[in-house]
Every structure is written in structure tokens, then in C-alpha cells.
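Worth saying up front: this structure is predicted, and the values here are computed from it rather than measured.
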Amino acid sequence: MTADAIALVVPVPPPARKVPQLRTHHGDTFVDSYEWMRDKESPELIDYLTRENEYTDAVTRHQEPLREAIFNEIRERTQETDLSVPARKKGWWYYSRTEEGKQYGIQCRTAAEDTGDLSRDWTPPEVVPGVPVPGEQILLDGNELADGKPFFSLGGLSVTEDGTLLAYCEDNAGDERFTLRIKNLETGELLPDEVPNIFYGLSFSPDGTRVYYTVVDDAWRPYQVRVHTLGTPVADDVVVYQEDDVAMWTGFEVSADRTQLLISIGCSEYSEYRVLDLARPEDGLTTLISRDERILYDAEPVTIGDASHYLLTHDRNAKNSMVSLVAAGEFAKPLTEQQWTTVIPHDDAVRVNGVSVTRTHLVLSVRKDTVERVQVLPLAGLGTADQGLPTEPDFDEALFTSNLANAEFDSPIIRLSYTSYLTPPRVYDYVLEDGSLELRKETEVRGGYDPSDYVAERHWAPAADGTLIPLSVVRRAGLAPDGTNPAVIYAYGSYEVSMDPAFSIARLSLLDRGIVFVTAHIRGGGEMGRSWYDQGKKLSKKNTFTDFVDATTYLGTSGWADPGRIAAMGGSAGGLLMGAVANLAPEKYRAIVAQVPFVDALTTILDPELPLSALEWEEWGNPITDPEVYRYMKEYTPYENVRPVAYPRIAAVTSYNDTRVLYVEPAKWVAQLRETTTGSEPIVLKTEMDGGHGGASGRYSRWRDVAWDYAFAADAVGATEVLARSTSSVE
């Protein structure tokens, strides 16, 4: 065969064997021909996924130069040898750094001074990328830990109060089950203590003799909090708390004042706290507010006038949540008899996300006008007529995100992170005494990045029911609203998760190719408060999908995008969104990139033995017990609703070891799409065989994953070349 003939060979997708399997619920039977793919260890399945990857490679081979260009652009714009701003804990400044050519971060520290001058003692040492830090001690080098392993991820770090021991946990498979290890930071040696199969999060007890950690059950639900005493067999580890309700998620943290272990048990609609006095663990756990009261709350202990209190962020008669101060003794009374003092009242326009405390101040995380921001309030006079008003750092952009990054209990400052669509991540220290801001770092973007070359603005798209959907539109400043521009529209829209403004080096590669990047803040997310979330869950879930389609329609008529050159992108629950809109309005999208997509949601949620299924009932409803939920879900879940229409080109991207959205969901979906579509556009499945829910590990591997996704979308909308910089600005 000649070279020309070989070049004309059209790749053929691997055939997917059909084995009809019946699934019957509430009198309805669904025939599932591809459920056999769930057998993860089947040689046939592994061979099938391998051949799917080969087909994907063949279909997208022409995109390789574009992928390589985007990868190189990301790399060239990134300060590869870099350091985080040191954060103080007790007698040390802790920070992480990266080195050019290395995949993983390096965790470090250097000694702090105590001169008596608070301003000086809490001013981080100046660090310069590539310049050795005096007195640096390397705690963990991720590159050394990852050497020779197919996957590497850290799931938690904790240092004892005296700074002598480090606890860390690592995952080498991508399945989010970690191994806990303890390192002696004085000798550099590992202690013999090693605890396998733990989940995210760990913390030393204040005296450094014990480590608290969580464990998941067979359905991958965190259900136990355990404690390991150093120097004892793992078999002797004590279960501090076990949650047997399969619909409840369990976690813990040590309180800011290091006096209590706070165990949180909850779902999206209500919660419960069990607290342990760390000075007297033998006394056992105390319940604050029982889950039977159906209140969604968080708790943080605080001492007011030498008396123990709790700050509660709660939704009791407060849809958007509020903050109350409650004396510790009140929880022994029936709820109706307890005295709660309002600290932050409920506001229909402000969503209260939570609180943190230092010895002198209360730090609030709130969302107002879709934007997440930080407010600060002195503890002095809290809950009395002398209580002050919250203050808020002043920033000069309309669309930004500000979060609390660190608040050491005894510190005179708190550390804030700040970013926007146009501003690279900044780190500020906020001085609690006078409210002044000290800029500690702005992430460098190499290659001559100029924010004035781009525009970020808010648009409002009308939904079919009249609701206005906020859109964040980011574009090159030189683009004209002439209806010719390519666009990518992205969304998530579940679990009250907000897609907040953030800077992305990778996104510049799309913007510079003339692509208008749109984030649709659809119902089901949290951008507009708790009601916005409630309008996009359970029996209102379809609003999430129709909002996205309506946002796409608006984009195509706004002048900023050519309606024939729009690609859609979303991941996980946002991948379910991608599958739903592909069925609802396939003609509106030139391409769809579905990342780890939850496209077989009904099959998953109908089986409580599958990972995390029971935890989903509070989001989608319980189709096992409720025939109305079953009917409603079956009307929108992507796999069941594939129909004979011309689908756009679709890429389903997944990971073999993902425990949150199993690889089988996109695998089945792609097979069903190929069998049913009346169109000729390629539909491909890309499986990372060594990755987890976030894909491959290591920053260069992640950059290549992003470059792959972006190249697929950019190629589809005909935006492969970087625009000239000499375009005139149209505003």
C-alpha cells in the first residue's frame, strides 16, 4: 500500500460487544447492552479500552501539533522554578517550591524568629525563585517519593506543635486511598508506623502522640474517624466515631484553638457535630445539635469572657445561612429552649459560607453579587451592643475571588488569596489591627502577559422561565462583536459548587486564538445563593441543563460568538451536564468535551453498593424508593436518552482508577452514542490508565491533559492559529 493510500485510511472504532441486560425498577425496564464493561479486571474490557485509546489517537493525530503548541505555551508562561509565600506555624516558616523540569512540588521550611516585634516576626522571609533559602529544610520531595511509581498524590500533611514530626499520606494508584507515614524531621528517618487505606485529611493531637485520620467504607464513603497512637500496632487503632447512615459523609478537623476535635457528619441538607475535648479524650464525644433537628450547620469553638461558646454558621430560619453565638452549656437543653445570639443576621442577598477564628477576630467567608469575599470582625463585644461591623478588604475589580488562605490562631495577620479572570493569583497579608493589606506575591506570568490585552465582563442570559443566568465572558480585547468569533462555554451546576473567577494560564492559549471563553453560572451551583442551588437539584434538576442551552442560545445571538462555532466543556457532574445538553440540543455545539463525565447517573444511584451512590440521594433524589424521582431522572440522564440524531464530535475523557465517576460510565455512553448517532462526527473515548478523578498526576502530565482537551475544542471550532497582536480594540 502506498503512503498516499495509507493516509486515506479512515480510522475505525473498535466494535463494542452487546450483551443485553435488563434493569427493572418501578415497573419500568431498561435494556442495557453495555453493562458488561463494569467488570474492571476483565481482559476483554482492558483490551477494549486500549483499542479505544488507539482509535482516539488515530482520530486526533492531526491535533498533535496544536496540543504540543498549547503545552509549550503553558510551560513558557509558567514560572517553573517557584515558591509559595512562607506561612508561619509556631517556630517555623513553611512553604512549597517547584523546580524546572520536575513534576512535583517540594515541601520545605525555615526557622522563624521571635524578637517581640509582632510586625517583624510575622513578616515572611523574602524568597526568590531559584535562589536558595537560608536554613532551608526539605520536609518532603514529591519527585523522590514519586520516582518509579505510576501515580503520586499527597492527601494530607500535618506537623506536630513542636515541629519534630511530620505526618503525610500518599496515593500511588489514583484511587484516593492513601498510606499514612510519619517522618522524624530531626533525623530524616521514617518511623515504623504505617497506616494503609486511609482517606483525605489527617491531624496530630496537640501533644503529638496521636494522629487522627478517616477511613472509607466499601462504597468509598468516609465513615470512620480513627486515631493512631505512635509506636503502637495499627491493629490497635481506635475508632473515635463511626457513621452507619449510608447517606451521610463524615470528616473532622482540629479546632483553631487546638482544644477540640470537631467531627462533622452531614449531607447537603442537614448535619451534626460530635466534639471531643483533646485534653480529656477519655470523656468521649458530645453532640451539639442532633441531625434530627434537620439543621445544616458548622461549628467552631470560641472563648468569650473566659466562657466556652460555639460560633454556628447555620440555616435555621435562614436560607442563605447566618452566624449565631451559643454558650457551650446551651446544647444540653432542648433546641427550643436554647439561647442563640445573632452575630451575622440572615440576608437574602448574601450567602454566608462559614467562619474561622483567631484569638482576636472572627473571619467570615461570604458570597455577595456572585463574588466570594472575606470579611473580618473583632471578637471583642461579639454578640453584644458593642459588637463592631464587619470590614472587608477593598479590591478594584468587579469579578474576583478572595479566600482565607491561612489564619494561625495567635497571629496578628491573616493570609488571603486573591485572583480574577485577568489577575494572576495574589497573596496578601491582612493586618487585623488596622485592616491594611500587604501584597506578598503575585504569580508571575512569563512571556509578556498584559491584562489589558483581555476583557472580562458579566453578561446575563435569559432562561426560558425568565430567570437571568449570570455569564462570565472572557475574551481578547481586540475582538469585535460581529458574530464570527469561536467560543467555548463551560459550566458545572451541581452540589452548590460555584465556578468562581480565577486566572488560568492555560486559558490564555484559547483566548489568543480568538476564542471567547464563557462560564455559565447555571442553577444547581451556588453563585446566586442557596435558592439558586435548590432550583437546580432533585426534581428541579432539568433547570441546570436548560439553563446551559439557553446560555448557549444567548451567546450565539449576542454578537460575541458564531452560533456554528461553539464548543461545550464540563467535568464530573459537569460531564453529566455535557451528556444532557448533547441530547437536548446537539445542533448547538460544534464539539463537546466531557471530562470524567457522570453520564450513567441513574444506573449508579440505583445501586447503593457502588462508590458514593447513597451520598447522591440528597442531590438528585432517591430513585430506589421514589418512583417520581426515578421517572424524572430517566427523562434526563444521558445514557438512557441517547437518540437517533446527528451528534457533534464528542470526546469523553476518563481515568481507569477514578473512584468518583467510574470509567464504565463514559465507556458505555460512547458505545451507545456511536450505535445511535445519525451523524458522521467522530465520538472518542480517552482513558488515562494510571490516573484518578483528576487525571494523571504531575504538573507536566496535567498540562498535557489540558492541552489535549483544549486542542480538541479549538480544532473543532476552527481556532488553531494564534491571532496577531495588532488587532484594534473594540469595546
Side-chain angles (χ1 to χ4, degrees), residues 176 199-201 216 219-222 245-251 264-271 296-298 313 315 319-321 351-354 365 367 370 372 401 403 469-470 490-500 502 519-548 569-581 594-602 604-605 608 610-623 629 632-633 636-638 658-662 665 692-694:
E176 299 181 281
F199 197 55
Y200 292 101
V216 296
W220 241 264
R221 174 183 66 97
D245 187 336
V246 296
M248 301 293 275
W249 185 288
T250 303
S264 58
I265 309 108
C267 61
S268 65
E269 298 188 345
Y270 54 89
S271 57
L296 186 64
Y297 71 101
D298 291 322
T313 304
D315 68 350
K319 187 135 185 119
N320 268 340
S321 292
R351 178 73 164 110
V352 180
N353 296 322
S365 170
R367 183 179 299 280
T370 77
E372 187 167 5
T401 302
N403 292 308
I469 308 155
Y490 170 86
Y492 186 75
S494 292
Y495 304 107
E496 203 181 358
V497 173
S498 300
M499 298 292 101
D500 289 320
T519 301
H521 305 289
I522 53 182
R523 282 175 282 186
E527 289 90 341
M528 299 284 283
R530 182 73 181 190
S531 293
W532 197 250
Y533 169 49
D534 288 341
Q535 292 172 39
K537 66 182 293 193
K538 290 191 173 179
L539 296 179
S540 298
K541 188 62 198 173
K542 291 179 185 177
N543 285 334
T544 301
F545 315 131
T546 56
D547 280 2
F548 190 86
M569 187 175 292
S572 197
L576 184 154
L577 169 68
M578 294 298 101
V581 300
Q595 302 152 321
V596 290
F598 189 34
V599 283
D600 194 18
L602 190 52
T604 296
I605 297 173
L610 290 177
L612 304 178
S613 291
L615 295 171
E616 300 289 351
W617 296 337
E618 295 302 330
E619 181 73 18
W620 318 93
N622 186 344
V629 170
Y632 188 81
M633 288 191 69
Y636 70 71
T637 45
D658 191 342
T659 58
R660 295 176 182 261
V661 179
L662 301 184
E665 298 204 21
H693 193 60

Can you tell me how far the [atom1] atom of [X] sits from the [atom2] atom of [Y], to the nearest 0.5 Å?
X: Glu616; Y: Leu602; atom1: CD; atom2: CG; answer: 12.5 Å
X: Met528; Y: Ile522; atom1: CE; atom2: CD1; answer: 13.5 Å
X: Thr370; Y: Trp532; atom1: OG1; atom2: CH2; answer: 10.5 Å
X: Ser321; Y: Tyr297; atom1: OG; atom2: OH; answer: 13.5 Å
X: Tyr490; Y: Thr519; atom1: OH; atom2: OG1; answer: 7.5 Å
X: Asp245; Y: Arg221; atom1: CG; atom2: CZ; answer: 7.0 Å

Could you tell me whether a side-chain N or O of [X] sits under 3.5 Å from a main-chain N or O of [Y], the two making a donor and an acceptor?
X: Ser540; Y: Gly536; answer: no
X: Asp315; Y: Leu296; answer: yes
X: Asn622; Y: Trp617; answer: no

**OP:** Would you please test Ser572 and Gln595 for side chain to side chain contact (heavy atoms under 4.5 Å, CB included) and show each step?
**Re:** CA-CA 6 Å; Ser572 197; Gln595 302 152 321; over 6 Å; no
Original post:
Between Thr637 and Val599, is any pair of side-chain heavy atoms under 4.5 Å apart?
Top reply: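 When only atoms from C-beta onward are counted, Val599 and Thr637 do not touch, as no gap falls below 4.5 Å.
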Original post:
So do the side chains of Leu576 and Pro638 get within less than 4.5 Å of each other, counting heavy atoms only?
Top reply: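 In short, these two side chains touch, coming nearer than 4.5 Å.
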**OP:** Would you please test Phe548 and Leu577 for side chain to side chain contact (heavy atoms under 4.5 Å, CB included) and show each step?
**Re:** CA-CA 8 Å; Phe548 190 86; Leu577 169 68; 3.8 Å; yes
Could you report the tightest heavy-atom contact between [X] and [Y], atom names first, then the distance?
X: Thr401; Y: Asp500; answer: OG1-CB, 3.2 Å
X: Tyr636; Y: Ala580; answer: O-CB, 4.1 Å
X: Pro623; Y: Ile605; answer: CD-CG2, 3.6 Å
X: Asp298; Y: Asn353; answer: OD2-O, 4.2 Å

**OP:** Taking atom types as modelled, find out whether Ser498 and Glu372 have a side-chain donor-acceptor pair closer than 3.5 angstrom.
**Re:**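 Not at all, the side chains of Ser498 and Glu372 share no donor-acceptor pair under 3.5 Å.
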Original post:
Are side-chain N/O atoms of Tyr495 and Glu619 paired as donor and acceptor at under 3.5 Å?
Top reply: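 Not at all, the side chains of Tyr495 and Glu619 share no donor-acceptor pair under 3.5 Å.
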[X] with [Y]: basic N within carboxylate O range, under 4.0 Å:
X: Glu496; Y: Arg367; answer: no
X: Glu618; Y: Lys538; answer: yes
X: Arg530; Y: Asp534; answer: yes

Subject >> Lys/Arg cation over aromatic Tyr632: Lys541, 6.0 Å, 45° cone >> reply: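 Here Lys541 fails the 6.0 Å and 45° test against Tyr632.
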Original post:
Going through the distances and angles, do Lys537 and Ser494 end up as a side chain to side chain contact (heavy atoms under 4.5 Å, CB included)?
Top reply: CA-CA 7 Å; Lys537 66 182 293 193; Ser494 292; over 6 Å; no
**OP:** Evaluate the side chain to side chain contact (heavy atoms under 4.5 Å, CB included) criterion for residues Ser268 and Tyr533: first the C-alpha distance (whole Å), next the side-chain angles of each, then the deciding distance (0.1 Å), finally the verdict.
**Re:** CA-CA 10 Å; Ser268 65; Tyr533 169 49; 3.5 Å; yes
